[in-house]
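Read through the structure below, which is laid out as structure tokens, and then see the notes.
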2 protein chains.
Amino acid sequence: MGAEGNADGTVGKALDVLDMVASHGRPVRFSDLLAQSAYPKATLYRLLQTLTHQGMLILDPDTGTYALGVRLVRLAHAAWSQSSLAPIARPYLDELARETGETIHLAQLDLGQVLYVDKRNAARPVEMFAQAGKVGPAYCTGVGKAMLAFLPPEALEAALARQSFYRFTPHTLASREALLEELEAIRKRGHAWDREEHEAGIICCAVPILSRQGRVMGALSVTSTTARTTLDALGAQAPTIKDIAAKIAAEAESWRFPEQV
Amino acid sequence: MGAEGNADGTVGKALDVLDMVASHGRPVRFSDLLAQSAYPKATLYRLLQTLTHQGMLILDPDTGTYALGVRLVRLAHAAWSQSSLAPIARPYLDELARETGETIHLAQLDLGQVLYVDKRNAARPVEMFAQAGKVGPAYCTGVGKAMLAFLPPEALEAALARQSFYRFTPHTLASREALLEELEAIRKRGHAWDREEHEAGIICCAVPILSRQGRVMGALSVTSTTARTTLDALGAQAPTIKDIAAKIAAEAESWRFPEQV
DNA sequence: GACTTAGTTTCAAATAGTGAAACCGAACGG
DNA sequence: CCGTTCGGTTTCACTATTTGAAACTAAGTC
């Protein structure tokens with residue numbers, strides 16, 4: 001209910017504060033956070049102190065501003081190379097980028113949002129860290145819809161509840177009903193389109209990455225522009241993309257369960 | 001005292017658990033963590049539950065293994081682009097890489113260890129995420145020593161207490177005394193050498209990145225091999241490196257305090 | 001020198017965390 | 001097929017931690 005307050009226990013609150021600091025692009029002062037948060041002064045103060053002491057935040061003594069700490073960078077390195085598909089998918093993304101010559105996205109679902117974990121850009125060099133970690137909407141992107149389409153009912157429900165259905169372009173599916181219909185079509189078709197739904201002129205073809213048990217692990221997409229190609233031409237790539245998604249899924253699974261004991 | 005137990009409060013413990021999961025390269029089962037941790041079964045269980053509920057961990061229902069969650073990747077993106085010097089330093093690193101044609105490292109200090117936040121590799125393309133977030137020892141790397149040398153006494157003491165002084169090569173400064181002497185020399189000279197102290201055949205020249213008040217913000221190094229060059233030749237670059245470090249420091253400061261109000 | 005503003009500390013009350021032990025279900029072994 | 005073990009989950013009385021209003025301090029204003 002509360003705008004943000006899904007906090008369970010002290011840990012939840014602390015992580016909440018962490019998010020709050022992260023949401024500003026810059027180091028923030030205590031009072032800024034206080035204004036933004038629902039926590040009383042003393043509570044917030046102690047949380048910040050704890051997080052700082054733990055190295056998750058850094059307090060700049062000169063300005064009295066808090067910023068995210070480097071311990072996070074370290075943790076994230078581990079997270080990225082362990083929980084995400086990125087390290088496994090890397091060579092496959094390279095391959096797909098080479099074959100198609102288009103921009104490739106690898107994404108996972110995080111709290112109903114699309115989290116990009118890797119990217120190959122047709123034009124410019126990789127620039128990983130600057131791209132990975134970015135989030136986007138699920139209901140109007142190819143990767144987002146591809147993942148939503150294969151979610152189990154309860155998870156889908158939870159994800160839908162988090163969609164804003166903001167109309168980015170005239171083509172955006174801006175309602176729950178329209179989206180559900182589309183998801184049905186995606187399930188049948190096996191891949192999702194982005195028909196300029198998020199950004200004008202940008203189209204893409206996306207497929208989900210599914211485990212053997214059908215669990216959604218992520219999604220993979222090939223993106224282009226209406227200036228350069230058409231949906232149909234992009235659709236011709238679908239089998240290739242599916243094939244690569246399957247390879248990634250297979251490798252991810254064998255990696256996660258190496259010893260059957 | 002306790003091997004690892006620097007936990008203050010519940011939050012500390014939770015983060016401890018997070019580290020524990022991170023330290024394994026793979027998803028871990030409850031019992032593995034239990035064996036490793038000092039926490040009693042029920043406590044550990046609840047911590048894991050909370051973290052999972054918070055999206056910091058992911059529990060694979062099929063295997064019952066925990067892995068770091070994607071929420072961390074998102075946080076880290078923010079951390080990297082906000083707290084670290086990397087985004088500011090990026091163009092300067094490019095410049096330095098172009099000028100020297102050698103491998104460039106940008107590092108910061110984290111709990112007495114060197115945390116690499118960016119890198120330019122002479123040979124291969126960037127590969128950021130795979131490199132950033134890596135940690136190394138401080139007492140036997142160029143960047144590490146450059147930073148240690150300019151730390152205020154208490155911080156230095158804290159950092160020293162965390163050094164292992166393991167002798168990686170015959171040249172490693174494997175004692176507190178030897179290191180302190182070296183740090184004195186670095187302070188006078190203004191830059192640090194790595195004379196094959198961490199890895200045979202690898203040498204580097206590193207300079208600290210200092211704020212106007214003299215606070216250590218990070219370090220910058222140019223690395224090469226004995227096969228390709230000599231310390232003296234590398235030393236000829238020192239003024240250039242210092243110059244670039246100064247630029248990074250200046251920009252970092254103006255960025256952190258944009259509005260003087 | 002009185003008066004905000006921003007951050008830090010106190011302390012009794014209340015909440016949330018603790019962990020030994022009991023429990024559960026699946027896998028194992030005879 | 002039944003008794004046992006093993007990995008994970010839940011209970012519950014006990015306690016330590018967290019809570020937050022309020023008091024306090026240190027800088028700036030005016």
Side-chain angles (χ1 to χ4, degrees), chain A residues 1-2 4-21 24 26-54 56-67 69 213 256-261, chain B residues 1-21 24 26-54 56-67 213 256-261:
Chain A
M1 282 252 121
E4 37 167 305
N6 63 325
D8 57 348
T10 322
V11 176
K13 290 179 198 171
L15 295 177
D16 218 38
V17 171
L18 216 54
D19 270 344
M20 229 154 64
V21 176
H24 292 76
R26 310 176 155 280
V28 262
R29 271 170 320 161
F30 176 77
S31 49
D32 298 329
L33 292 170
L34 182 60
Q36 177 184 166
S37 89
Y39 305 119
K41 219 178 180 185
T43 302
L44 180 66
Y45 180 71
R46 255 174 296 102
L47 287 174
L48 285 168
Q49 215 171 233
T50 305
L51 287 169
T52 304
H53 184 65
Q54 289 294 324
M56 300 295 279
L57 291 177
I58 291 171
L59 171 60
D60 184 325
D62 304 325
T63 55
T65 57
Y66 294 89
Q213 301 89 51
R256 285 174 88 98
F257 323 133
E259 62 278 291
Q260 201 67 289
V261 179
Chain B
M1 283 189 210
E4 38 167 305
N6 63 325
D8 57 347
T10 323
V11 176
K13 290 179 198 172
L15 295 177
D16 218 36
V17 171
L18 217 54
D19 271 343
M20 229 153 64
V21 176
H24 292 76
R26 311 175 154 282
V28 263
R29 272 170 320 158
F30 175 76
S31 50
D32 297 331
L33 292 170
L34 182 60
Q36 178 183 165
S37 89
Y39 304 119
K41 220 178 178 185
T43 302
L44 179 65
Y45 180 71
R46 252 174 300 102
L47 287 173
L48 284 169
Q49 216 172 230
T50 305
L51 287 169
T52 305
H53 185 65
Q54 289 294 325
M56 300 296 277
L57 291 178
I58 291 172
L59 171 60
D60 184 324
D62 303 326
T63 54
T65 56
Y66 294 89
Q213 299 91 49
R256 285 173 87 98
F257 324 130
E259 62 279 291
Q260 201 67 288
V261 180

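To find a chain, count down the sequence lines: A is the first, B the second, and so on, and within it residues start at 1.
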Please give, in whole Å, the distance from D:dC6 P to B:Leu34 CG? 14 Å
Would you mind telling me which of D:dG20, C:dA20, C:dA6 lies closest to the side-chain atoms of A:Ser31? C:dA6
Look at the side chain of B:Lys41 against the base of D:dG8 and say whether a donor-acceptor pair falls under 3.5 Å; ignore hydrogens and angles. yes
Starting from C1' on C:dG19, measure out to CG on B:Leu44 and report it in whole angstrom. 12 Å
What integer distance in Å separates A:Asp32:CG from C:dA6:P? 9 Å
Kindly indicate, with the supporting measurements, whether the criterion side chain to side chain contact (heavy atoms under 4.5 Å, CB included) is fulfilled by A:Leu15 and A:Leu18. CA-CA 5 Å; A:Leu15 295 177; A:Leu18 216 54; 4.2 Å; yes
How far does CD of A:Gln49 sit from OG1 of A:Thr52, to the nearest 0.5 angstrom? 7.5 Å
Identify which nucleotide among C:dG19, D:dA21, D:dG8 has an atom closest to any side-chain atom of B:Arg29, counting heavy atoms from C-beta outward. D:dG8
Could you tell me how far apart A:Arg46 (CZ) and C:dG7 (P) are, to the nearest whole angstrom? 17 Å
Would you mind reading off the distance between B:Leu59 atom CG and D:dG7 atom P, rounded to a whole angstrom? 17 Å
Which one, D:dA21, C:dT18, C:dG19, comes nearest to the side chain of B:Ala42? C:dG19
Could you state the OH-C1' distance from B:Tyr39 to C:dA20, rounded to the nearest angstrom? 19 Å
Of A:Gly64 and A:Val11, the one whose nearest nucleotide on DNA chain C sits closer to the 5' end is A:Gly64
Which listed nucleotide (C:dT8, D:dT10, C:dA20) is nearest to the side chain of B:Tyr45? D:dT10
Measure the OH-CG distance between B:Tyr66 and B:Leu51 for me, rounded to the nearest 0.5 Å. 9.5 Å
Set out, in order, the CA-CA distance, both residues' side-chain angles and the distance that settles side chain to side chain contact (heavy atoms under 4.5 Å, CB included) for A:Leu44 and A:Met20, then state yes or no. CA-CA 11 Å; A:Leu44 180 66; A:Met20 229 154 64; 4.3 Å; yes
Euclidean distance, A:Leu59 CG relative to A:Thr65 OG1, rounded to 0.5 Å: 7.0 Å
Once you round it to whole Å, what is the distance between C1' of D:dT19 and CG of A:Asp16? 16 Å
Give the rounded distance in Å between these two atoms: CG of B:Leu48 and P of D:dG8. 10 Å
The side chain of B:Thr10 lies closest to which of these nucleotides: C:dT8, D:dT17, D:dT10? D:dT17
